[in-house]
Amino acid sequence: MAAPQIPNLNSLRRGRGRGRGIGRSTDNGPESRPSGKDRIVQGTDNDASVSRLSAVDLGYLTDAYATALTPRGSATRRFPIINRGTYVRTTAIDQLVTSFLGLYTPEQTQAKRKQIISLGAGSDTRVFRILSSRQPSDLVYHEIDFAVNTTSKIQAIRSTPQLQQALGINTPDAEVSISEMGDALHSPSYHIHPVDLRSLSVNSDRDLSTILPGVERELPTLLVSECCLIYLTPSEAEQVVKFFTEHLFQSESQPTIPLGLVLYEPIRPDDAFGRTMVSNLATRGIQLQTLHKYASLEAQRCRLKEQGFGDGQAGADIEFIWKNWVYEEEKERVAGLEMLDEMEEWQLLARHYCIAWGWRDGSDASVFQGWTTLKAQSDN
Ligand SMILES: C[S@@+](CC[C@H](N)C(=O)[O-])C[C@H]1O[C@@H](n2cnc3c(N)ncnc32)[C@H](O)[C@@H]1O
């Protein structure tokens, strides 16, 4: 990239960016005029970042980037059961992601490049944790969210050298561009897209490179929906997944690309705890729209199979993962951080959230090999 096009992240201001052809992001469907419901959904990211910071501050998680990505003044100590839930959810998804990425060898980065696309990434810190440990990068990481949330994230990146360093974009010659509106960011290993997922349609006649610039259609790819698709209607959520399985990563001219999906979402809405969970969220205007359709682990596995991940589907609730994925020593460490005397409440809460994962091997069965060894839950 020629020097005059390289923006300085510290001095860039809204509206002065000189992005490489990244225009104003007004063409992404329903988000141009956010409804009240959309605003509430966008605001759920705040809850997620505050919970993450609470778990970090108390020693559950190590995450050097959580403070920079939580709105100033909003740090709050969560209840012990919430902190433990955040710990299990984060470390379990980390485990799935690490297994997908495989061992890091700086010499072979080009040969083994992979791609992650995080749906509704909000202020998630995973990209900073991963890229800071894989330089030079063997990974292209994409994050999609509403423009309001991508703009805040980009503002945090602009004002925090530590975040820029993690992304490898802290040097004067770094190839990075930010859109005029300050809502899209593109660099060799990291892209932030201000896109309403509901605008991703298999019937779109738009040039794919303009919808999600930087996506490499030939790389083994992992989609992550950490509490995101649940806010869409069942048909919208299905359309989003189809966009990737049938449109972006499927073409007659290339062998099928290895593709996986990791979901984290609530389940079991129909028992007493589930009903209370749903009605508590409803009082805040939050509706978990796919919850009844994918109400059990079995329903999640069927969903994955039907929606293009035919080579493997598995899932487990958070309680199962705590019991079966966390080593005894680590359990003791975590249990020692805070008194958790509401054991029954923890179990109830943890049984109402799950992680489900599914994949198709495509041209390379080794990509998701590691997932076959993870302990999954066979019941409902
Ligand atoms: C509960 S937050 C989770 C954030 C992040 N994945 C995490 O776990 O920390 C849900 C996120 O999904 C995003 N989201 C929900 N519906 C979306 C849509 N239609 N398009 C883009 N992003 C969406 C919200 O804006 C929000 O940032």
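Counting convention: from 1, in listed order, for ligands and their atoms alike. What you are looking at is a predicted structure, and each value in this text was computed from that prediction instead of being measured. Just the heavy atoms: all of them, side chains too, but no hydrogens, waters or symmetry mates, feed the values below.
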For atom 15 (C) of ligand 1, what is the closest protein heavy atom, and at what distance to 0.1 Å? Val41 CG1, 3.3 Å
To the nearest 0.5 Å, tell me how far Thr76 OG1 sits from Asn46 CG. 9.0 Å
Find all atoms of ligand 1 within a distance of less than 4.0 Å from any non-hydrogen atom belonging to Val195, and give their numbers and elements. 20 (N), 21 (C)
Find all atoms of ligand 1 within a distance of less than 4.0 Å from any non-hydrogen atom belonging to Arg198, and give their numbers and elements. 19 (N)
Counting non-hydrogen protein atoms only, what is the nearest one to atom 23 (C) of ligand 1? Give residue, atom name and distance. Phe146 CE1, 3.4 Å
Could you tell me if Gln300 and Arg303 have a donor-acceptor pair between their side chains, going purely by distance under 3.5 Å? yes
Of all protein heavy atoms, the one nearest atom 11 (C) of ligand 1 is Gly120 O, 3.4 Å
Between Phe273 and His352, does the ring centroid distance fall short of 6.0 Å? yes
Table please: side-chain donor-acceptor pairs of residues 280-289 below 3.5 Å, with sequence neighbours left out.
residue: Thr283; atom: OG1; partner: Asn280; partner atom: O; Å: 2.5
residue: Arg284; atom: NH2; partner: Asp47; partner atom: OD2; Å: 2.5
residue: Gln289; atom: NE2; partner: Tyr231; partner atom: O; Å: 2.8

Under the 3.5 angstrom rule, does the side chain of Thr125 hit a backbone N or O of Phe128 as a donor-acceptor pair? no
Note the single closest protein heavy atom to atom 8 (O) of ligand 1, along with its residue, its atom name and the distance in Å. Arg89 NH2, 2.8 Å
Does the N or O separation between Cys228 and ligand 1 drop below 3.5 Å for any pair? no
Looking only at protein heavy atoms, which one is nearest to atom 20 (N) of ligand 1, and what is the separation? Leu197 N, 2.9 Å
Which of the ligand 1 atoms, numbered from 1, are nearer than 4.0 Å to a heavy atom of Gly122: 27 (O)
Would you mind running through ligand 1 and noting each atom that sits below 4.0 Å from a heavy atom of Ala48? 9 (O)
Do Tyr87 and Glu330 have a side chain donor and acceptor closer than 3.5 Å? yes
Would you say ligand 1 has an N or O under 3.5 Å from any N or O of Arg52? yes
Consider only side-chain N and O atoms of Asn83 and Ser54, and report whether a donor and an acceptor are under 3.5 Å apart. yes
Could you tell me whether some N/O pair between Tyr231 and ligand 1 is separated by less than 3.5 angstrom? no
Just distances here: any N/O of Leu119 and N/O of ligand 1 closer than 3.5 Å? no
With atoms numbered from 1 as shown, which atoms in ligand 1 lie under 4.0 angstrom from a non-hydrogen atom of Asn149? 25 (O), 26 (C), 27 (O)
Working to the nearest 0.5 angstrom, can you tell me the gap between Leu212 CG and Leu248 CG? 6.5 Å
Could you verify whether a donor N or O on one side chain and an acceptor N or O on the other, from Asp183 and His193, lie under 3.5 Å apart? no
Does the side chain of Arg78 pick up a donor-acceptor pair with the side chain of Ser51 at under 3.5 Å? yes
Of all the atoms in ligand 1, which lie at a distance below 4.0 Å from a heavy atom belonging to Leu232? 16 (N), 19 (N)
Between the side chains of His186 and His191, does any donor sit under 3.5 Å from an acceptor? yes
Identify the protein heavy atom lying closest to atom 26 (C) of ligand 1, giving its residue, its atom name and the separation to 0.1 Å. Asp145 OD2, 3.5 Å
Below 4.0 Å, non-hydrogen atoms only: which portion of Ala121 touches ligand 1? Side chain, backbone, both or neither. backbone
Would Asp196 count as being in polar contact with ligand 1, using the rule that some N or O on each side must be under 3.5 angstrom apart? yes
Taking 4.0 Å as the limit for heavy-atom contacts, which would you say applies to Thr44 with ligand 1: side chain only, backbone only, both, or neither? both
Identify, for atom 10 (C) of ligand 1, the protein heavy atom at the shortest distance, and state residue, atom and that distance. Cys227 O, 3.3 Å
Under 3.5 Å between some N or O of ligand 1 and some N or O of Glu226? yes
For the residue pair Gln115 / Tyr141, report whether a side-chain donor-acceptor contact shorter than 3.5 Å exists. no
Quick one: does ligand 1 sit under 4.0 Å from the side chain of Glu143, the backbone, both or neither, non-hydrogen atoms only? neither
Would you say Lys112's side chain and Asp138's backbone share a donor-acceptor pair under 3.5 angstrom? no
